[in-house]
Structures are given as structure tokens and as C-alpha cells.
Amino acid sequence: MQKRTIIRLFFAIYILFVIQVIIFKYPWEYMQMIASTWQKGVILEGLGTANFIPFKTIKMYIEYSYKLNSAENLLGNIIVFVPFGFCFPMIFDKGNCFFVMLFNAFLFVLGIEVFQLFSAFGAFDVDDILLNCLGASLGFGCYKLYSLIQRRGCSWKDS
């Protein structure tokens with residue numbers, strides 16, 4: 001199997017994993033119960049609990065870090081998207097451009113957040129978008145570093 005095919009397969013599994021962890025994280029019975037309540041009111045309720053103010057949640061996690069699982073939430077939102085930024089440029093030719101990768105990461109994250117907003121399978125939070133895109137950016141930086149090492153023909157044994 002070609003390296004690119006393996007990376008595409010990994011990326012597809014990774015995308016499914018992200019959707020599972022972020023959207024379908026609840027037990028099946030609980031999700032069925034949520035889905036049975038879907039009406040216009042659910043959408044309005046989602047709008048009422050959504051955070052549209054940048055850095056509001058991040059600030060709250062920092063201020064109340066002694067009470068909340070802040071590090072888990074902040075770092076988790078970043079780390080979960082590092083593979084996106086690393087793998088995307090390996091799969092898509094135009095993905096080697098930072099802004100193309102970032103735009104695609106943004107669209108993916110926005111899709112997840114909008115789905116959460118309208119489905120009640122989570123809560124919309126603009127800070128999740130910021131943190132997830134930061135994670136994808138860090139992954140892209142790791143990809144660029146990896147590419148540089150590959151181009152120069154360096155190996156860890158040379159040190």
C-alpha cells in the first residue's frame with residue numbers, strides 16, 4: 001500500500017473518531033432521548049446556551065482552573081485537531097498552503113459546532129472553534145518541520 005493511501009485511510013478514521021468523540025459521545029439511549037425532543041424549541045434552547053463571545057469560555061476555564069477540569073478541556077480541544085493539520089497537507093496537494101488547511105479545519109469545526117447548536121448533542125462554543133483551529137495550526141507546524149527534516153535528508157541517527 002502506498003504511503004499516501006495509508007495516510008488517507010488514517011485521516012478518514014481520524015475524522016470519524018473526531019465526530020464520534022465530539023458529537024456522538026453520549027450513550028445511544030441518551031442520544032435517542034435527545035433526538036425525540038427535536039422541535040423548534042430545541043433550536044431556540046441551543047441558541048440560548050451557545051457561546052458566541054470569543055475567549056469567554058477560555059477565560060472562564062483559566063479563572064476557575066482550580067474548580068474545573070480546565071486543562072483537560074483546553075488542551076483536549078487543541079490536541080484533538082493536531083492530526084488534522086499534520087495529515088491534511090499530506091493528502092491534498094493544495095493542503096500544503098497554511099490558509100487552505102486552516103480554512104478546511106475551520107469548515108469542519110464549524111460544521112460540528114453548528115450541528116451541536118441545532119441538535120442538542122452538545123453546545124455551540126466559538127472558543128471550541130478557536131482552540132480546534134489552533135490545534136490544526138500546531139499540527140501544520142509539525143508537518144512543516146517534518147517536511148523540512150525529510151527534504152534535508154536528516155535522520156535522528158545523524159545527531
Side-chain angles (χ1 to χ4, degrees), residues 4 6-28 30-65 68-147:
R4 195 168 180 161
I6 292 169
I7 294 168
R8 282 183 176 164
L9 180 62
F10 170 79
F11 191 70
I13 293 168
Y14 159 76
I15 293 294
L16 293 173
F17 172 77
V18 169
I19 291 169
Q20 161 68 40
V21 167
I22 295 176
I23 296 177
F24 300 112
K25 57 187 165 249
Y26 305 114
W28 180 248
Y30 186 70
M31 288 175 30
Q32 285 179 313
M33 183 186 75
I34 291 171
S36 70
T37 66
W38 285 352
Q39 299 171 20
K40 283 184 184 178
V42 171
I43 295 171
L44 296 175
E45 185 180 309
L47 288 171
T49 60
N51 172 34
F52 294 103
I53 302 168
F55 304 106
K56 180 181 177 182
T57 304
I58 294 169
K59 184 179 172 191
M60 179 195 64
Y61 279 133
I62 292 169
E63 285 178 8
Y64 297 102
S65 61
L68 305 172
N69 53 349
S70 300
E72 179 183 309
N73 282 305
L74 293 174
L75 292 175
N77 272 307
I78 294 169
I79 291 168
V80 76
F81 274 85
V82 169
F84 189 101
F86 189 85
C87 293
F88 191 84
M90 294 178 146
I91 297 169
F92 302 101
D93 294 331
K94 292 185 179 185
N96 202 15
C97 171
F98 173 76
F99 294 108
V100 170
M101 180 285 304
L102 186 60
F103 180 71
N104 281 275
F106 173 78
L107 288 179
F108 180 51
V109 174
L110 182 64
I112 289 171
E113 292 297 318
V114 168
F115 182 80
Q116 288 180 322
L117 178 67
F118 293 125
S119 70
F121 286 169
F124 180 95
D125 192 338
V126 71
D127 288 344
D128 288 349
I129 296 171
L130 295 173
L131 293 168
N132 294 160
C133 287
L134 174 61
S137 299
L138 291 172
F140 188 82
C142 292
Y143 163 76
K144 285 298 195 180
L145 183 62
Y146 169 79
S147 295

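Atom set for the values below is all heavy atoms of this structure, side chains included, hydrogens, waters and symmetry mates excluded. Please read all numbers here as calculations on a predicted model, not as lab measurements.
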Aromatic ring pairing Phe81/Phe84, orientation class (parallel under 30°, perpendicular over 60°, tilted between): tilted
Spatial distance of atom CG (Asn104) from atom CG (Leu107) [nearest 0.5 Å]: 6.0 Å
Phe103, CZ atom: more than 12 neighbouring heavy atoms under 6.0 Å: no
Test ring-ring contact (aromatic ring centres under 6.0 Å, His included) applied to Phe98 - qualifying residues, sequence neighbours left out: Phe140
CE-OG distance between Met60 and Ser70, expressed to the nearest 0.5 angstrom: 7.0 Å
Student check: side-chain heavy atoms of Leu110 and Phe115 closer than 4.5 Å: no
Student check: side-chain heavy atoms of Val18 and Ile112 closer than 4.5 Å: yes
Heavy-atom neighbours of Lys94 NZ exceed 12 at 6.0 Å: no
Side-chain heavy atoms of Phe52 within contact of Val126, under 4.5 Å: no
Criterion side chain to side chain contact (heavy atoms under 4.5 Å, CB included) on Ile15 and Phe11, from CA distance to verdict: CA-CA 6 Å; Ile15 293 294; Phe11 191 70; 3.9 Å; yes
Any side-chain heavy-atom pair of Tyr146 and Met90 under 4.5 Å: yes
Output field: ring centroids Tyr143/Phe88 closer than 6.0 Å: no
Any side-chain heavy-atom pair of Asp127 and Leu130 under 4.5 Å: yes
CD1 on Ile129 to CG on Asn132, rounded to 0.5 Å: 8.0 Å
Pair Phe124-Phe118, side chain to side chain contact (heavy atoms under 4.5 Å, CB included): steps then yes or no: CA-CA 9 Å; Phe124 180 95; Phe118 293 125; over 6 Å; no
Non-neighbouring partners of Tyr14 that pass side-chain hydrogen bond (donor to acceptor under 3.5 Å, both in side chains), sequence neighbours left out: none
Asn96 side-chain N/O to Pro89 backbone N/O, donor-acceptor pair under 3.5 Å: no
Flag for Asn73-Asn69: side-chain donor and acceptor within less than 3.5 Å: yes
Flag side-chain contact, heavy atom, 4.5 Å: Asp125 against Gln116: no
Within-4.5 Å side-chain heavy-atom neighbours: Asp128 and Val109: no
Any pair counted as salt bridge (Lys or Arg N to Asp or Glu O under 4.0 Å), so long as it reaches residues 49-60, sequence neighbours left out: Lys59-Glu63
Test side-chain contact (heavy atoms from CB on, under 4.5 Å) applied to Leu131 and Ile79, Ile78, Thr57, Leu75, the passing residue: Ile78
Contact check, side chains of Cys133 and Leu102, non-hydrogen atoms, under 4.5 Å: yes
Rounded distance [0.5 Å steps], CG in Asn51 versus CD in Glu113: 10.0 Å
Contact summary for Leu117 and Ala50, nearest pair of heavy atoms: CD1-CB, 3.8 Å
